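Computed from a predicted structure; not experimentally measured.
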Amino acid sequence: MKKFLEWLKSPKSDFALLIIVLILACIAGHNAHLRLDITSQRSYSLSEASKRTVRTLTEPLSVKVFFSDNLPTGYSKVQTYVKDILIEYKGAANKNFSYTIYDMDKPENQKVASSYGLRQIQIQEVKNNEVGFKQVWMGVAITYGDSIEVIDSITNEAGFEYNLTTKIAKIISTTDTLAGISDAITVTLYATDALGNFNINGFSQVDAAVQQAFNEVNKKNLNRLTYLKKAPTDEEEINNLAEKYGLQTVSLRNKDGSNSPAIFGLVLEYQDAFRVIPLSIYRHPLFGFMITGTDEIEENISDSLQNLLSKATQIGYITGHEEAALTDEQGNSLHFVTLLSDMYELKELNLKDEDIPVNLTSIIINGPKSAYSQEELYKIDQFVMRGGNVMIFADPFNMTQGNYYQPATFTPIDSGLNTLLEKYGAKLESNYVFDENCYVARQQGYGNINLWWAPQLSGKQLNQKNPITKNLGYVIFLQAGGLNLTGAKENKDIKLTVLAESSEKGWKESRNIQLNPNMTAPYDKSTENKHELAVLLEGKFESAFEKNPAEEENANSDSNLSTSTHLAKARQSGKIFVTGTSYITSNQLIDEKGSEPVSMMVRNAVDYMNGNSDLCSMRTKGVSFQSISNTSGVYAAIVEYFCIIGLALICAAAGLIVWRKRSLRRRKIHDRYNPDDQREIKE
């Protein structure tokens, strides 16, 4: 022992002790997870919303990870990201959160993944200079009680945290709701038997397909669902069902020449609320009548159940002035409704007959074509005075498409909203903002076509500090009008945030408007400038009215008693989002999956207005939408040659400088310490 202590004190033990310290440090580092996230988007750090979700778990929740090993480079980083972010979840959560990583080389684990509804996906792999395909597992399953949620085909780390957190929140909400309900939740297939007598491809298998999907969903949701199949034949009953649920009706021609009614559709119902599951008879131009929607029945039932039972936030959607309809034959707002359906319920309000309910905190005005009355504007104004939030998507013109020989006409829209907005600090202008930095359509035979009326805003034109537009690399606007913000800039009580603006090559057109790609940019470049396209106003606004317009009708009353509830100034801070176009809520710009930048911006705006700003940055975290700025050909050539030749010359010059300095240093040392060295021949 004495010799060992002496050895420890001697220099001989230094190297061995260093090795021991390094080993202990590695063990500590493996068990104590510590990372420094220096990315601008905080892509590898949990958002506060995620931490809050897992910190408040009251029941055990488990995340099961099913990723194949030896994934190609492009996909292995996704696997690493998923593992790392789950460590972050574990560090932020309470004891009820856990995760398990499965070895997918074992057949029993593959069976487990399949039992949760996960499937192998096909990815591309380059091996031995050959391109091939590989079947792999890349998914996770979330279990909470007897309920299961899955995220399959995780081929990109972008949006994973948002998907996982929202899935966790949904499964908790749905499971807790299911545990507390006593009434039946029914899934009902309405299909008249007579439809089977006609040549409808897939009709005979639809009942079995629905039952199979129902059983899977029911197993994951505490077996609280009930399946029913009904075959209505009575015409009155069919008409009532079609009117109540909006199901598809069919007129059948019998052999005797008479017509009989039929109905087909799938409905999920709980108490007085219901959701229609996409399932219909479709006439294909080549293959005749066929059943559509059978491949997604399980997913659609599961999503509809969550939507039905979740405590969705209601948002008022103003109607009555030819606003963009939430449901129409063309389905122009279908993607917008779908985009919000996971957390929000749009409640239609006609202000001619209704007041804005006190339980609403925000309303949407989307593309009105006719004027609001003073009474309607007053209802909106007083809603703002009570601290309500308003989102306005207002078009400057009503475009009427002409025939082949006549151009479209543009009639200015006077909705009356400027009565309110000018008092709040903004004004909708009757013009279109065009931009040389616009969306370029590429058509075969025509080449590149500049759509001047569709400005394509890069990250420089988007506010990178506000959660609504932060992290978005580009956004496309369409037929957007300009905004006058003089009032907001002069009002110190109002916080003005410009969310999106055109480039410095933007200009306005208010007369002789032509949406023609053959038109040229203005010759007078002095007219080009930046123009605001979307803004956010926040603060305690002043009322645009001195009193309630309805009180004027009773001004000459003989009553000795008069009352007033008019609010001249807001009691609470409110938020007003304004943009001069409703096209950014249409299917033209919002994609079906909500993954395009403009879709994210619109959803972020809705979240921000409803107090869910944490979700904004989480949704865009890790998203790579950075676009390249437009540059001249000369500048691009300079950059190209600099990268090819310039960098090599700089490296060579740096090497020569270092070599020369070292040579001079060696010469200086030699001359100082060994000037008489006979081995060196001096000239």
Side-chain angles (χ1 to χ4, degrees), residues 365 367-368 371-372 374 377-378 380-385 388-397 410 412-435 453 455 457 460-466 468-469 475 477 479-511 513 522 524-546 567-570 573-582 584 601 605 608-609:
I365 300 173
Y372 291 89
Q374 292 296 298
L377 292 174
Y378 183 75
I380 299 172
D381 176 83
Q382 292 300 288
F383 175 72
V384 174
M385 295 305 106
N389 307 313
V390 182
M391 300 187 70
I392 297 176
F393 304 87
D395 300 304
F397 299 103
F410 299 87
I413 296 174
D414 184 11
S415 63
L417 291 173
N418 275 335
T419 301
L420 305 178
L421 290 175
E422 286 190 74
K423 187 65 176 180
Y424 303 155
K427 180 181 179 181
L428 296 165
E429 296 181 338
S430 294
N431 53 45
Y432 279 145
V433 175
F434 290 66
D435 200 332
W453 56 94
L457 315 183
K460 296 179 180 179
Q461 282 87 55
L462 300 171
N463 192 314
Q464 295 299 328
K465 294 183 179 179
N466 189 278
I468 295 176
T469 46
V475 166
F477 274 65
Q479 294 177 234
L483 303 172
N484 187 327
L485 306 174
T486 303
K489 293 176 181 178
E490 295 176 351
N491 191 340
K492 297 181 180 179
D493 295 331
I494 300 300
K495 178 184 177 182
L496 169 64
T497 304
V498 177
L499 298 172
E501 60 185 2
S502 71
S503 73
E504 295 180 348
K505 296 183 179 182
W507 74 95
K508 297 178 181 178
E509 295 283 355
S510 57
R511 296 180 180 179
I513 298 173
D524 185 3
K525 298 299 181 181
S526 64
T527 62
E528 293 185 337
N529 204 347
K530 292 182 179 181
H531 300 288
E532 294 85 358
L533 298 176
V535 299
L536 181 68
L537 307 173
E538 299 175 273
K540 294 183 178 180
F541 301 95
E542 294 185 2
S543 174
F545 294 84
E546 293 184 1
L567 297 176
K569 188 169 183 178
S573 293
K575 299 187 284 277
I576 299 176
F577 172 89
V578 186
T579 182
T581 177
S582 67
I584 62 174
M601 191 196 79
Y608 186 88
M609 302 297 280

Handout entry: Over 12 non-hydrogen atoms of neighbours within 6.0 angstrom of CD in Glu509
Key = yes
What's the spacing between [X] [atom1] and [Y] [atom2] if we round to 0.5 Å?
X	Y	atom1	atom2	result
Asp493	Ser573	CG	OG	10.0 Å
Glu542	Tyr424	CD	OH	10.5 Å
Asn484	Leu421	CG	CG	11.0 Å
Lys495	Leu537	NZ	CG	11.5 Å
Met385	Lys540	CE	NZ	12.0 Å
Asn431	His531	CG	NE2	8.5 Å

Check residues 574-581 and write down every donor-acceptor pair under 3.5 Å in which the side-chain atom is one partner and the other belongs to a residue at least two apart or another chain.
from	atom 1	to	atom 2	distance (Å)
Thr579	OG1	Leu533	O	2.8
Thr581	OG1	Leu478	O	2.7
Thr581	OG1	Tyr583	N	3.1

With heavy-atom distances below 4.5 Å as the criterion, would you say the side chains of [X] and [Y] are in contact?
X	Y	result
Leu457	Glu501	no
Phe545	Tyr378	yes
Val390	Phe383	yes
Tyr372	Ile365	yes
Lys423	Ser543	no
Glu538	Thr497	yes
Gln461	Val475	no
Met391	Tyr608	no

What are the two closest non-hydrogen atoms of [X] and [Y], and how far apart are they?
X	Y	value
Ser502	Asp435	CB-OD2, 3.3 Å
Met601	Ile584	CE-CD1, 4.0 Å
Pro396	Tyr432	CG-CE2, 3.5 Å
Ala544	Asp381	N-OD1, 2.9 Å
Ile513	Phe410	O-CE1, 3.6 Å
Pro368	Ile413	O-CG2, 3.6 Å

Practice task
Specify whether Phe434 and Trp507 have parallel, tilted or perpendicular ring planes, treating 30° as the upper limit for parallel and 60° as the lower limit for perpendicular.
Solution key: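 Correct class here is parallel.
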Practice task
Spell out, as yes or no, whether a donor-acceptor pair under 3.5 Å connects the side chain of Asn466 to the backbone of Leu499.
Solution key: no
Handout entry: Check: Lys427 main-chain N/O paired with Asn418 side-chain donor or acceptor under 3.5 Å
Key = no
Practice task
Output, in order, the C-alpha distance, side-chain angles, deciding distance and verdict of side chain to side chain contact (heavy atoms under 4.5 Å, CB included) for Leu485 and Val498.
Solution key: CA-CA 10 Å; Leu485 306 174; Val498 177; 4.2 Å; yes
Handout entry: Pair Asp395, Ser582: side-chain N/O donor-acceptor within cut-off below 3.5 Å
Key = yes
Problem - Any residue meeting side chain to side chain donor-acceptor pair (under 3.5 Å) with Lys508, in chain and number order, not counting sequence neighbours - result: Glu429
Exercise for the section: Only counting residues at least two apart or in another chain, list the ones meeting side chain to side chain donor-acceptor pair (under 3.5 Å) with Glu422. Expected result: none
